[in-house]
Amino acid sequence: MPPHAPSALNQEAIARLVRDFYGDVLKDELLGPVFRAEIGEHWDAHLQRMVDFWCTVMLGSKCFRGNLVHRHMQLRGVTPAHFNAWIQLWTQHTQHRFDSASTYKLRRVAHDIGRQLFSSYFNGREHQAPANPPGPSVHKHADGGRKAS
């Protein structure tokens with residue numbers, strides 16, 4: 001679980017987040033079978049690729065190259081429940097791990113990717129896309145200004 005004090009956002013902290021998160025993905029009764037079937041014995045390579053992805057997004061490292069939608073569209077047996085389970089687990093693993101701005105960005109990116117993949121899988125079907133991540137919400141005021149809460 002995350003430490004009590006927020007970690008500095010760096011490659012080591014992202015690698016720890018990815019390892020912890022995917023360790024629980026493998027244990028998850030819904031997610032585990034899909035990931036084990038697809039990744040098999042290539043977990044080290046997958047984890048490094050995910051570290052590269054999150055370091056690119058969060059740190060601007062530009063070490064990740066790839067097409068997430070194309071790669072994920074090759075998976076079979078994915079249901080809306082998989083998306084919800086993945087995002088709930090991601091939310092748990094990002095909780096209190098980093099400062100609030102970093103946590104929000106980690107969740108925002110995960111939700112944006114989830115919505116894009118969900119739409120690619122289920123476009124035109126009767127399913128509900130993953131909800132917005134918890135975090136600051138923006139409200140319009142009568143004077144037209146915006147305030148984060």
Side-chain angles (χ1 to χ4, degrees), residues 1-2 6-39 42-43 45-141 145-149:
M1 286 318 266
S7 296
L9 186 62
N10 55 40
Q11 184 174 355
E12 180 182 324
I14 290 171
R16 193 170 35 256
L17 167 64
V18 167
R19 274 193 318 271
D20 293 349
F21 171 72
Y22 280 101
D24 282 351
V25 164
L26 283 175
K27 295 175 196 171
D28 187 88
E29 63 185 47
L30 181 63
L31 298 172
V34 173
F35 278 83
R36 283 191 299 274
E38 181 62 25
I39 297 169
H42 305 285
W43 274 99
H46 177 71
L47 293 177
Q48 185 56 55
R49 191 149 168 78
M50 294 302 91
V51 170
D52 289 348
F53 171 80
W54 287 106
C55 284
T56 296
V57 170
M58 298 301 293
L59 305 176
S61 69
K62 299 181 184 177
C63 54
F64 178 84
R65 301 247 190 281
N67 183 327
L68 292 175
V69 174
H70 175 73
R71 180 66 189 107
H72 285 86
M73 290 302 98
Q74 297 172 27
L75 299 175
R76 296 293 166 237
V78 175
T79 69
H82 288 95
F83 285 88
N84 288 328
W86 192 96
I87 205 68
Q88 286 176 9
L89 196 55
W90 184 252
T91 298
Q92 290 171 9
H93 276 272
T94 56
Q95 186 72 24
H96 306 298
R97 192 177 284 257
F98 304 106
D99 63 82
S100 61
S102 297
T103 298
Y104 182 77
K105 186 173 179 184
L106 284 161
R107 291 178 181 179
R108 169 59 42 207
V109 170
H111 277 83
D112 289 349
I113 291 167
R115 276 191 292 280
Q116 184 179 10
L117 292 174
F118 190 97
S119 177
S120 295
Y121 271 107
F122 307 112
N123 192 17
R125 297 183 194 168
E126 302 258 342
H127 296 288
Q128 184 175 345
N132 287 330
S137 58
V138 177
H139 304 282
K140 274 196 167 181
H141 292 278
R146 296 165 69 96
K147 178 182 176 187
S149 59

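Taking both residues in full, the closest heavy atoms of V78 and F122 are given as O-CZ, 3.5 Å, listed atom of the first, atom of the second, then distance. The two residues T103 and F98 have their closest heavy-atom pair at OG1-O, 3.3 Å. Nearest heavy-atom pair, P33 versus L30, reported as atom, atom and distance to 0.1 Å: CD-O, 3.5 Å. The nearest pair of heavy atoms linking F83 to G114 is CE2-O, 3.5 Å. When all heavy atoms of L89 and D24 are compared, the closest pair comes out as CD2-C, 3.8 Å.
Rounding to the nearest 0.5 Å gives a distance of 10.0 Å between CG of L31 and CZ of R36. Between the CD1 atom in I87 and the CZ atom in R107 there is a gap of 9.0 Å [rounded to 0.5 Å].
H46 places no side-chain N or O within 3.5 Å of a backbone atom of H42 that could act as its donor or acceptor partner. Within the 3.5 Å criterion, the main-chain N or O of L47 finds no donor-acceptor partner in the side chain of R19.
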N/O donor to acceptor pairs below 3.5 angstrom from side-chain atoms of residues 53-62, sequence neighbours left out:
from	atom 1	to	atom 2	distance (Å)
T56	OG1	D52	O	2.8
T56	OG1	S61	OG	3.4
T56	OG1	C63	N	3.1
T56	OG1	F64	N	3.0
S61	OG	C55	O	3.4
S61	OG	T56	N	3.2

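Taking 4.5 Å as the limit, some side-chain heavy atom of L17 sits within range of a side-chain heavy atom of L106. You'll find the side chain of Q88 stays beyond 4.5 Å of the side chain of T91, heavy atoms only.
For F35, the ring pair (Phe, Tyr, Trp, His ring centres under 6.0 Å) partners two or more places apart in sequence, or in a different chain, are Y22. Applying the side-chain hydrogen bond (donor to acceptor under 3.5 Å, both in side chains) rule to E38 yields the partners R71; only residues at least two apart in sequence or on another chain are considered.
Aromatic pair H93/W90: centroids not less than 6.0 angstrom apart.
Counted within 6.0 Å of CD on E12, heavy atoms from surrounding residues, nucleotides or ligands total 12 or fewer; the atom is thus considered open.
Using a cut-off of 4.0 Å between Lys/Arg side-chain N and Asp/Glu carboxylate O, D112 and R108 are scored as salt-bridged.
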